[in-house]
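Structure first, commentary second.
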Protein chains: 2
Amino acid sequence: MEQTTSEKILDIAQSLVVAGGYNGFSYADISDAVGIRKASIHHHFPTKAELVQVLVDRYTQRAESGLKSLREHVPGPVEQLQAYLNYWQKCILDASEPFCVCAMLAAEIQMLPEPVAAHVRRHFENLAAWLTSVLKAGVEQKLFRLARSPEEEAQILMASVHGAMLSARALGDPNLFAAIVGPQIAKLRA
Amino acid sequence: MEQTTSEKILDIAQSLVVAGGYNGFSYADISDAVGIRKASIHHHFPTKAELVQVLVDRYTQRAESGLKSLREHVPGPVEQLQAYLNYWQKCILDASEPFCVCAMLAAEIQMLPEPVAAHVRRHFENLAAWLTSVLKAGVEQKLFRLARSPEEEAQILMASVHGAMLSARALGDPNLFAAIVGPQIAKLRA
DNA sequence: ATTAAACTACCTACTAGTAGGAAGATACAA
DNA sequence: TTGTATCTTCCTACTAGTAGGTAGTTTAAT
């Protein structure tokens, strides 16, 4: 076996959350997709809240280590930012992950179990912090010229990314993501 | 009577959709809030799909006439744009409508009944068209200087608005909306 | 012998939706 | 003006199906 049942469950659950949010899927849906009985899923994840909590935790950890390795292995701030956006562009174009799990859950954050909501909030904070640090580095190297503080520009950029995902989804046009986000980074260049 | 039962149902349903999306509420929730039996709601709206369809239709019509009257009654393009953003800023700050109904539904558009999805899509198109026409007028009057075409800048602006709503909600900070969207219009000024 | 992981079978609560009837208002003809 | 038919709105009572979750058992590997 190359993938544990728990991982299969989490993968399926994640794609279901991306498609329809917290209330958009059931244990029965996972059961069908994984090929396991409903009760067996409860063996791995006693409650739905716990399942989604683990799912979001895994997601944020992966995101954080992914962003960290971009900062370490990609040469300059401009390229780091571009690599981040390329990642999403690819995910959206090939429909492998057409929406951010945390963005989806953020929309319904009022209805989420508190621990899940807290994880979602933290992902937004982490992403904003990462963008801020990349922008700061870019300013120091005179690669970016910002109209506002790095913190503000990071918030603007993050909002653009999420908004672009939403527009691409709403209008059924995957290319819209790059069309929206591309010009936004161009505007930051010195 | 100053508000019909149907309108009450639609109002409640709308606030429930804004809070938790299509799958985030039930007829029982509406029943509790309106003070009417579940079956009576089915008298006014036979199915949930029809209810949400009417709800979205009402929403898009109101939005369209609201935007239209902004163009007619507010002096210049800059002020029209600002008035649109002020409207949302107010809705978010006083929590009267902390998220756009169609943005919420767009996130789960894959799971929506087709007629509802079509209405949501059209709202995005209408809003983009309105923003485009405002930007065009602003360029003609030399009030805006755009880096890209009005169509592209309109898409960017719309995405910023939706992304800003999401960030404000995710981070629980209503002021974040204006902090994100404000600088975006400033950048368009000539 | 233990333990993890799967199963069958079930529970309660809730889902959207239906059937049929009661109360009241409106219309209209005798 | 009364009787009656109709329409609207809401009700009680119900259905079939699905939700998340539990109890107890089998299977199989350690």
Side-chain angles (χ1 to χ4, degrees), chain A residues 1-58 104-105 108-117 119, chain B residues 1-58 104-105 108 110-117:
Chain A
M1 196 193 294
E2 50 181 30
Q3 194 188 25
T4 69
T5 303
S6 293
E7 281 168 345
K8 275 190 219 166
I9 294 170
L10 287 170
D11 285 351
I12 293 291
Q14 178 165 321
S15 70
L16 290 170
V17 166
V18 167
Y22 188 86
N23 293 307
F25 76 100
S26 72
Y27 269 44
D29 296 327
I30 300 173
S31 168
D32 290 343
V34 177
I36 197 182
R37 297 288 144 177
K38 232 181 43 170
S40 307
I41 301 168
H42 283 284
H43 169 72
H44 296 278
F45 304 98
T47 69
K48 191 181 184 182
E50 285 177 71
L51 166 59
V52 176
Q53 204 177 325
V54 172
L55 183 161
V56 173
D57 198 42
R58 188 184 70 150
M104 194 72 196
L105 292 174
E108 34 185 18
I109 202 160
Q110 300 182 359
M111 325 270 296
L112 298 181
E114 228 308 297
V116 178
H119 276 75
Chain B
M1 196 193 293
E2 49 179 32
Q3 193 188 26
T4 68
T5 303
S6 293
E7 280 166 348
K8 275 189 222 165
I9 294 170
L10 288 170
D11 285 350
I12 294 291
Q14 179 166 320
S15 70
L16 290 170
V17 167
V18 167
Y22 188 86
N23 293 308
F25 76 101
S26 72
Y27 270 42
D29 296 326
I30 299 173
S31 168
D32 290 343
V34 177
I36 197 183
R37 297 287 143 174
K38 232 182 42 169
S40 306
I41 301 168
H42 282 284
H43 168 72
H44 295 277
F45 304 99
T47 69
K48 191 181 182 181
E50 284 177 71
L51 166 60
V52 176
Q53 205 177 325
V54 172
L55 183 160
V56 173
D57 198 41
R58 188 184 71 150
M104 193 72 196
L105 292 173
E108 34 186 17
Q110 300 183 1
M111 326 271 297
L112 298 181
E114 228 308 295
V116 177

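Excluded from the calculations below are hydrogen atoms, water molecules and symmetry mates; all remaining heavy atoms, backbone and side chain alike, are included. Note that the structure is a prediction, hence the values are computed from the model and not measured.
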Starting at atom CZ of A:Arg37, determine the distance to atom P of C:dC7, rounded to an integer number of angstrom.
-> 6 Å
Value for CD (A:Gln3) from CG (A:Asp11), rounded to nearest 0.5 Å, stands at 5.0 Å
Nearest 0.5 Å, what's the CD1-CD distance between A:Ile109 and A:Glu114?
-> 8.0 Å
Can you give one letter per nucleotide of nucleotides 23-30 of chain D, 5' to 3': B if a protein heavy atom sits under 4.0 Å from the base, S if only from the sugar-phosphate, - if neither?
-> B-------
Please state how far atom CD1 in A:Ile30 lies from atom C1' in C:dA6, giving the value in whole angstrom units.
-> 16 Å
With sequence neighbours excluded, residues passing ring-ring contact (aromatic ring centres under 6.0 Å, His included) with B:Tyr27 = B:His42
Qualifying residues under side chain to side chain donor-acceptor pair (under 3.5 Å), relative to B:Ser15, sequence neighbours excluded = none
Would you indicate, yes or no, if D:dC10 has its OP1 or OP2 atom less than 4.0 angstrom from a side-chain nitrogen or oxygen of B:His43?
-> no
With sequence neighbours excluded, what pairs up with A:Asp32 under the side chain to side chain donor-acceptor pair (under 3.5 Å) test?
-> none
Report the distance from atom CG of A:Leu55 to atom CD1 of A:Ile9, rounding to the nearest 0.5 Å.
-> 11.5 Å
N/O to N/O distances under 3.5 Å, protein versus nucleotides 11-16 of chain C:
unit_1 : atom_1 : unit_2  : atom_2 : d
C:dT15 : OP1    : B:Ser26 : OG     : 3.1
C:dA16 : OP1    : B:Lys48 : NZ     : 3.3
C:dA16 : OP2    : B:Tyr27 : N      : 2.9
C:dA16 : N7     : B:Lys38 : NZ     : 3.2
C:dA16 : N6     : B:Lys38 : NZ     : 3.2

State whether B:His44 places a side-chain N or O below 4.0 Å from either non-bridging phosphate oxygen (OP1 or OP2) of D:dC10.
-> yes
Selected nucleotide, minimal atom distance to B:Ser40 side chain, candidates C:dA6, D:dC11, D:dT9 | D:dC11
Give the rounded distance in Å between these two atoms: CD1 of A:Ile41 and P of D:dA19.
-> 11 Å
Out of C:dC7, D:dC11, D:dC10, which nucleotide sits closest to the side chain of B:Thr5?
-> D:dC10
Nearest-Å distance for atom pair CD/P, residues A:Glu50 and D:dG21 = 9 Å
Quick one: pull up CD1 in A:Ile30 and CG in A:Leu10 and give me the separation to the nearest 0.5 Å.
-> 8.5 Å
Please list, chain by chain and in numerical order, all residues satisfying side-chain contact (heavy atoms from CB on, under 4.5 Å) with A:Pro115, sequence neighbours excluded.
-> A:Gln53, A:Pro113
Side-chain touch B:Val34/B:Ile41, heavy atoms, less than 4.5 angstrom | no
